[in-house]
Amino acid sequence: MSKENWKPGNMLYPVPAVMVSVKRPGEKANIVTVAWAGTVCSDPAMLSISVRPERYSHDIIEETGEFVVNLVTTKLTRACDWCGVRSGRDYDKFKEMKLTEYISQYMDVPAIEESPVNIYCKVIKVEKLGSHDMFIAEVIGVTVDDEYMDEKGRFDLKAADLMAYSHGEYFALGKKLGKFGYSVKKPAKKTNKKSNKKGRKK
């Protein structure tokens, strides 16, 4: 096996491509597609998104301190891509992509109703890193589509058919390979049930 040496670059793939909705009071809502997004803390629940300063939505997030992360299904992939290559300066993205604004109890920034999971975020810190500014935010609430609730009342995220982004391309998620902790889980012991029936005396 041999390796090639490359210059430094972002090769951490695949990643979720998410649609981030934003809004200034009195203006139309906008959607920016973000591939640099991730979890940064579980308690309190926090995540981050990184956005180029020249993006139309960047200043809106910086001014309002609010945004909604909307997960993307395979059905929403075209809309996700379109929102990533068109500017909110020129288009009403909700209207153009025939998406529905959903107003929750958490904030006035609308979520995307067609998305199975909407994560409402309040910015607590901005890190100016270079090509991108990282907005670190606390999650103040989540809404989920009840279409994906199973018969036991649990949210079945895998049924939502989410997609992933890898090096400029979109992919549907593949087959399940395991469950967290499966590599150290002890196999269940097989039990041999012996019959305890006693023979009848004649």
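The structure displayed is predicted, hence computed values, not measured ones. All values below were derived from every heavy atom in this structure, side-chain atoms included, with hydrogens, water molecules and symmetry-related copies excluded.
Residue Tyr148 is grouped with residue Leu157 when hydrophobic side chains (ILVMFWY) are merged at heavy-atom distances under 4.5 angstrom, including chains of intermediate members. Val34 and Leu71 fall within a single hydrophobic cluster, where Ile, Leu, Val, Met, Phe, Trp and Tyr are joined by side-chain heavy atoms under 4.5 Å apart, directly or via other members. Tyr120 and Ile103 fall into different hydrophobic clusters, where Ile, Leu, Val, Met, Phe, Trp and Tyr side chains are chained together by heavy-atom contacts under 4.5 Å. Linking ILVMFWY side-chain heavy atoms closer than 4.5 Å, directly or via other members, places Met46 and Val69 in two distinct hydrophobic clusters. Ile60 and Val109 sit in two unconnected hydrophobic clusters of ILVMFWY residues. Membership requires side-chain heavy atoms under 4.5 Å apart, directly or through other members.
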Q: Go through the steps to decide whether Thr64 and Val22 satisfy the test side chain to side chain contact (heavy atoms under 4.5 Å, CB included), and finish with yes or no.
A: CA-CA 9 Å; Thr64 64; Val22 300; 5.9 Å; no

Q: Go through Phe67 and Lys122 one step at a time and tell me if the side chain to side chain contact (heavy atoms under 4.5 Å, CB included) criterion holds.
A: CA-CA 7 Å; Phe67 60 88; Lys122 289 271 191 183; over 6 Å; no

Q: Step by step, work out the side chain to side chain contact (heavy atoms under 4.5 Å, CB included) result for Cys121 and Leu47.
A: CA-CA 8 Å; Cys121 304; Leu47 56 75; 3.7 Å; yes

Q: Start with the C-alpha gap between Lys125 and Met134, add the side-chain angles, then the distance that decides, and say whether side chain to side chain contact (heavy atoms under 4.5 Å, CB included) holds.
A: CA-CA 8 Å; Lys125 190 176 183 182; Met134 176 186 284; over 6 Å; no

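For Asp156 and Lys158, the salt-bridge test passes: some basic side-chain N is under 4.0 Å from an acidic carboxylate O. For the pair Arg24 and Glu66, the salt-bridge criterion is not met [side-chain N within less than 4.0 Å of a carboxylate O].
Here the side chain of Asn30 pairs no donor or acceptor atom with the backbone of Lys28 at under 3.5 angstrom. Between the side chain of Glu114 and the backbone N or O of Thr100, at least one donor-acceptor pair lies under 3.5 Å. No donor-acceptor pair under 3.5 Å is formed between the side chain of Thr74 and the backbone N or O of Ala172. With hydrogens and angles disregarded, no donor-acceptor distance shorter than 3.5 Å links the side chain of Ser115 to the backbone of Ala111. A donor-acceptor distance shorter than 3.5 angstrom exists from the side chain of Ser21 to the backbone of Pro110, with no hydrogens or angles considered. Listed for the Lys23 side chain is a donor-acceptor partner under 3.5 Å among the backbone atoms of Glu27. Using a distance-only test at 3.5 Å, with no hydrogens or angles considered, no donor-acceptor pair links the side chain of Thr39 to the main chain of Cys41.
Nearest heavy atom pair, residue Ala35 against residue Val15, reads O-CG2, 3.6 Å. Summarising the geometry of Pro53 relative to Ser131, their closest heavy-atom pair is CD-O, 3.3 Å, with the distance given to 0.1 Å. Nearest approach of Cys83 to Met97, heavy atoms of both residues: SG-CG, 4.2 Å.
Note: Ile136 CD1 to Glu127 CD = 5.0 Å, rounded to the nearest 0.5 Å. Separating the OG atom in Ser57 from the CZ atom in Arg52 is a distance of 14.5 Å, to the nearest 0.5 Å. Atom CG of residue Leu129 and atom OG of residue Ser50 lie 6.0 Å apart, to the nearest 0.5 angstrom. Note: Asn70 CG to Tyr102 OH = 12.0 Å, rounded to the nearest 0.5 Å. Rounding to the nearest 0.5 angstrom, the gap separating the CD1 atom in Ile31 from the CZ atom in Phe94 is 4.0 Å. Atoms OG1 and CE, from Thr33 and Met19 in turn, are 5.5 Å apart once rounded to the nearest 0.5 Å.
For the residue pair Tyr106 and Thr143, no side-chain donor N or O sits within less than 3.5 Å of a side-chain acceptor on the partner. A side-chain N or O of Tyr170 and one of Asp81 form a donor-acceptor pair less than 3.5 Å apart.
Aromatic ring pairs are classed by plane angle as parallel below 30°, tilted from 30° to 60° and perpendicular above 60°; the pair Tyr13 and Trp36 is tilted.
A 4.5 Å side-chain heavy-atom check between Val139 and Pro44 finds every atom pair outside the cut-off. Contact of the Leu99 side chain with the Glu113 side chain is not registered, since no non-hydrogen atoms from C-beta on lie closer than 4.5 Å.
The number of heavy atoms from other shown groups lying within 6.0 Å of CG (Asp59) is above 12.
Under the side-chain contact (heavy atoms from CB on, under 4.5 Å) test applied with Phe155, the options Val142, Val117, Asp146 reduce to a single match, Val117.
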